[in-house]
Amino acid sequence: MDYKETLNLPVTDFPMKANLVHKEPEVLKQWETEDIYGQIRKESAGKPKYVFHDGPPYANGHIHMGHALNKILKDFVVKFQSMKGFDATFVPGWDCHGLPIEHQVGKELKKKKQDFSKSEIRKLCREYAAKFVDIQKEEFKRLGVFASWDKPYLTMDYSYEATIVREFSKFIQKGMVYKGLKPVHWCTTCRTALAEAEVEYDNHKSPSIYVKFPVKSGWNNQIQGLDDSKTYFVIWTTTPWTLPANLAICLHPDFEYTAITHKGESWVVAKELAPGLLEEWDLQDAKIQGACSGKDLEGVVCQHPFIDRESPVILGDHVTLEQGTGCVHTAPGHGQEDYIVGQKYGLDTYNPVDDAGVFKPIVEHFAGQFVTKANPDIIEKMQADGTLIAASEVDHSYPHCWRCHQPIIFRATAQWFIPMDKDGFRAKALAEINKTRWVPHWGRERIYSMVENRPDWCVSRQRAWGVPITVLTCKKCEEQVTSPDVMAHIVKLVEQNGADFWFEKEAEELLPGGYKCSCGSAEFVKEMDILDVWFDSGVSHAAVLEGNPDMQWPADLYLEGSDQHRGWFHSSLLESVGTRSAAPYKTVLTHGYVVDGKGKKMSKSAGNVIAPQKIIDQYGAEILRLWVASENYREDIRISHEILKRLTEAYRKIRNTFRFLLGNLSDFDPKTDAVPVDEMEEIDHYILYRFRLVTERVLKAFGDFEFHVFYHSFYNFCIVDLSAFYLDILKDRIYTYPKNSRERRSGQTAMYDLLRGMAQLMAPILSFTSEEIWSYMPGRGNEVSSVHLSSFPDLSKVSFPDHLASKWEKLGQLKGEVSKALELRRQEKMIGHSLDALVRLELPSDLKSILEEEQKRDQLKYIFIVSAVEIADSLEKESNVYTSEAIAGLKISVHPAPGSKCERCWNYFVEEATPEHPSVCLRCVKNLESAKA
RNA sequence: GGGCCUAUAGCUCAGUUGGUCAGAGCGCACGCCUGAUAAGCGUGAGGUCGGUAGUUCAAAUCUACCUAGGCCCA
């Protein structure tokens, strides 16, 4: 007789091989046809809200690993909250305006660009953005992310553009928008401002000059013994043409400054640089005097070398000792750092250069000259005046216009600003930062110091693709229009016609009929600049959270990469504090950047870029999701083929565990076959208790956004608790007991609860596989159609007495020690399979009482998976005894199991067999008979 | 150059307020099984905690510096 036929071996169609690459699109299709996300939304109605707000990626190019990481994490959160019983919606968004798209469109048009009007270019930009929104949308969907993909928010939607205008008008009405000057890159040939991205760096020959500024006042003998009437501060510059705009000399507060005395004059320079300068200037008889620190010199006032103007000595941390003299010529109208330090000292952002790069008439000596052409004249004049110490030339990297390739200049131009320190704006923003939960906590420090130190927010850009700064100014009295009615009128026009309207209409057409300025004039000038795109995305909280019944303001969570402390978190905070006096979020979570296997950033030039599309095609999106869950994303997270290979193996192990559960549940109907927990075999009860612990740990980790805790806990549970311990022990019972026996049904009930609960627990992470498992689950006819529509298992009823839990823990530990003893005999070829063995134990007293109890029920041998266990008082007389290191007082001896091997259950038996089944043990005979009955 | 952050076995992670020989799983090696089978089980070998110098009776855990790396600025 073939006794194998009488066993209940696993049967299932659930494939061992996942074939994710082919399977996932099918699951996606099923989700779409059944509108699972829509069903979740419907089911959520009336539940407490969890408001997650999606930050908009830029609608340009295909998604990269950073996008994938970000959206998958968001999906984890939303799916978790949803299964936990919250109304959690995911409205995805895209950032559509801005320079990169305008550039791409310009590139495609090439030279024809000149023939296109602003409106036509804007139209092309809109089409371009729409195209990439669609592309990225499909790529995001492929990751298995559940979201309102058919109702996203786009910053170029008319309604969104109207929100931008409405929000900005709030700043205008509060008087929180002012026009000021700020240096920008400026091409004098194209007569246009350039963004950083439009600047190319190339080598260029410039003059290199040292100029002395005589001390006028404030000298208090900081450096001993100098004659202040003959003391000078020496600056170095490569742009002599910026000297007419010099307003200060900047020193580093912590550097030491000394004076070089030469022919009766004293020249103040940084001490560290003095020897080098002596050499460079070839001064034979000069001497270096004493020293003082930079901060001692603050307040000294010098005289401009050729203009009747004072130039005070100020302090700034940006001063370096790499080049020059440590005394920096400061022209706030011609340099970024000069501008910032100038603001601190209340200096004018003075710019005496016009659009064409020509000195304005106000400039003494050089009016009407093109700036770089004036360089030699300026040098010559100073030479003649005796204020020049040395002049030469340098070859250095210098910014050029990307279009005409001519050298560009830095030049202050009129820009619009939101002031940081008016009406306590900055202080309020800082206070709101402190009210927000930052995860990880150091996010607070990061954004706090940024907001604390940032200059006023420059919100204007001289570009085409964006939302206009809707400022109208009276032609006659130059008064800004701030009327709320006018603002509302403009918002309405934008809502109906889009922001293009502003550019297409005359100023007067943008106003309500008959509107006049308080001065009586009806003629206005409209602003042509557009808004910084950070303002666009900064109002998303207003556009998306408010007015949507699925949402509420503020959001519970913003979740983006750590670059957004400077970006979206920052602009959203300022916008929201400016208009609502509160942060738009309660919690802000950041993740690190995706780097390669060695921790280096991915770049085209390094050739180490891994594209998500490739991973999906090779491994499947599920592996990508598992990768996100496996790594601690708070730091930079690595990806490599080795890592993916490991994850694929881990995935296979998890999958096989489910396949085994499913295989052993093929004849199980939870409705009719389930055994109540208190009637279960103790080990079945125990494993459910273990699962309860894992579930609690995982759900807490999900709530704390610690997804890698899920990965490790869940995976370890599959391997250690299930595969190596419980399921290995359970096989004997499931296979050999009659189908409908309580013993077998008890084990099946535990396996069913595990199957169902584990599928739910992993659903936010392994969304595809959990769904696949769900469709194979016994009793699925009584379940919701998708695992994602279910709620996490409630295991609160699975209680287990502490003393039993500790007993099973000890049994588990003991099983490990038995394995060690068995392994020794296995190496000696005494045994092969563990069932070939009889194990004799000498036990410490505490263990002994526990084991004897277990032995009475004859369960020990099944736990150890050996054919016989004997408890001895002493193993002293035996040889080859294994002495445990882990458990004091434990000794184990291993012997060949006596009797013969049961052909059916493979356990050795010593009792007399029955005539009908001569090669089968009595337990099996009993089971065979009751199975027949 | 500045701000914030990171650095534990080949890989991914644990290591509570500094205090028993630094842990897990995978991978690897060796072996078993052939009734989860392109599966399953067992045993074993791998780190002195990026480096240096300190604080301390005692440091992976605190401090400083250095190195490598990341984000944001300049």
Side-chain angles (χ1 to χ4, degrees), chain A residues 3-12 14 16-17 66 252 317-322 336-337 340 440-450 452-454 561-567 570 590-602 626-627 629-632 634-638 640-647 649-650 652-653 655-664 706 708-709 711-720 723-725 727-729 731-732 734-736 815-816 818-829 831-836 865 904-906:
Chain A
Y3 288 104
K4 187 172 170 180
E5 295 302 314
T6 70
L7 295 172
N8 310 302
L9 295 177
V11 181
T12 181
F14 185 77
M16 181 180 282
K17 198 167 181 309
H252 195 290
D317 291 333
H318 63 284
V319 176
T320 71
L321 296 172
E322 276 166 33
Q336 186 63 27
E337 286 167 328
I340 290 169
H441 64 272
W442 48 257
R444 193 204 79 93
E445 307 298 320
R446 201 168 142 95
I447 192 167
Y448 192 96
S449 68
M450 285 174 184
E452 194 176 25
N453 297 311
R454 66 160 298 151
S562 57
D563 55 333
Q564 298 304 331
H565 287 116
R566 164 67 55 184
H570 193 121
T590 49
H591 58 253
Y593 265 59
V594 182
V595 294
D596 72 9
K598 290 172 188 149
K600 297 267 171 76
K601 73 169 157 196
M602 299 201 286
L626 194 60
W627 167 72
S630 74
E631 303 247 357
N632 183 354
R634 290 161 194 227
E635 300 153 18
D636 293 321
I637 76 172
R638 297 183 179 208
S640 66
H641 283 287
E642 184 186 355
I643 291 169
L644 289 166
K645 230 175 82 188
R646 290 287 133 73
L647 286 166
E649 282 159 9
R652 199 181 312 149
K653 178 72 198 185
R655 187 178 177 88
N656 262 320
T657 304
F658 279 104
R659 182 166 184 269
F660 183 74
L661 292 175
L662 285 166
N664 288 109
E706 293 185 333
H708 66 287
V709 172
Y711 172 77
H712 287 280
S713 309
F714 193 82
Y715 186 41
N716 264 35
F717 184 70
C718 284
I719 287 176
V720 180
S723 194
F725 180 73
L727 296 177
D728 206 27
I729 293 169
K731 278 181 218 170
D732 176 85
I734 292 293
Y735 294 171
T736 64
K815 187 177 196 294
V818 170
S819 291
K820 284 191 178 112
L822 290 172
E823 185 64 22
L824 292 171
R825 298 293 97 89
R826 183 144 43 218
Q827 300 295 340
E828 295 166 6
K829 306 284 178 201
I831 59 162
H833 197 286
S834 56
L835 284 176
D836 297 342
I865 317 183
R904 185 166 180 273
C905 73
W906 294 348

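Here the structure is a predicted model, which means the values were calculated and not measured. The basis for the numbers below is simple: all heavy atoms, side chains too, and nothing from hydrogens, waters or symmetry mates. So that the names make sense, note that chain A is the first sequence line, chain B the second, and so on, each numbered from 1.
- Between the side-chain ring of A:Trp906 and the base of B:G35, a stacking contact exists by the 5.5 Å and 30° definition.
- Figure legend: cation-pi geometry between A:Arg655 and A:Phe658 absent, as NZ or CZ is not positioned both under 6.0 Å from the six-membered ring centre and within 45° of its axis.
- For the salt bridge (charged side-chain N to carboxylate O under 4.0 Å, His left out) test, no residue two or more places apart in sequence or in another chain qualifies with A:Glu706.
- When Watson-Crick and G-U wobble pairs are counted only if both distances are under 3.5 Å, B:C11 pairs with B:G25.
- Base pairing annotation: B:C62 forms a Watson-Crick or G-U wobble pair with B:G54, both donor-acceptor distances under 3.5 Å.
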### Query
Which letters describe nucleotides 7-14 of chain B, given B = protein heavy atom under 4.0 Å from base, S = only from sugar-phosphate, - = neither?
---BSBSS
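- The base-pairing partner of B:G42, taking Watson-Crick or G-U wobble contacts with both distances under 3.5 Å, is B:C30.
- Closest-nucleotide positions on RNA chain B for A:Glu445 and A:Thr657 were compared, and the one nearer the 5' end corresponds to A:Glu445.
- At a cut-off of 3.5 angstrom, the base of B:A36 holds at least one donor-acceptor pair with the side chain of A:Ser723.
- A donor-acceptor pair shorter than 3.5 Å can be found between the side chains of A:His570 and A:Arg454.
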### Query
What string of B, S and - do you get for nucleotides 62-70 of chain B 5' to 3' if you count protein non-hydrogen atoms under 4.0 Å?
-------SB
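- Using Watson-Crick or G-U wobble geometry with both donor-acceptor distances under 3.5 Å, B:C49 finds no partner in any strand shown.
- Within 4.0 Å (heavy atoms only), A:Lys829 reaches sugar-phosphate atoms of the nucleic acid but no base atom.
- Candidate nucleotides B:G42, B:C26, B:G35 were compared by shortest atom distance to the side chain of A:Glu649, and B:C26 ranks first.
- Listed by chain and number, the residues in a salt bridge (charged side-chain N to carboxylate O under 4.0 Å, His left out) with A:Arg825 are A:Glu828 (sequence neighbours excluded).
- Considering only residues two or more places apart in sequence or on other chains, A:Glu452 meets the salt bridge (charged side-chain N to carboxylate O under 4.0 Å, His left out) condition with none of them.
- Every ring-ring contact (aromatic ring centres under 6.0 Å, His included) that A:Tyr715 has, sequence neighbours left out, goes to A:Tyr711.
- Contact annotation: A:Lys653 side-chain N/O to B:A36 OP1/OP2 distance is not under 4.0 Å.
- As a whole-Å value, the separation of A:Arg659 CZ from B:A38 C1' is 11 Å.
- A search for salt bridge (charged side-chain N to carboxylate O under 4.0 Å, His left out) contacts involving A:Lys815 returns nothing, not counting sequence neighbours.
- Nucleotide B:G35 forms a pair with no other nucleotide shown, judged by Watson-Crick or G-U wobble geometry with both contacts under 3.5 Å.
- Taking only side-chain nitrogens and oxygens, A:Tyr715 never comes nearer than 4.0 Å to OP1 or OP2 of B:A24.
- Contacts of A:Phe14 classified as ring-ring contact (aromatic ring centres under 6.0 Å, His included), with partners at least two apart in sequence or in another chain: A:Tyr776.
- Shown here are the ring-ring contact (aromatic ring centres under 6.0 Å, His included) partners of A:His252, two or more places apart in sequence or in another chain: A:Phe255.
- Between the side chain of A:Lys731 and the base of B:A36 there is at least one donor-acceptor pair of N/O atoms closer than 3.5 Å.
- We find that CZ of A:Phe660 is positioned 16 Å from P of B:U34, with the value rounded to whole Å.
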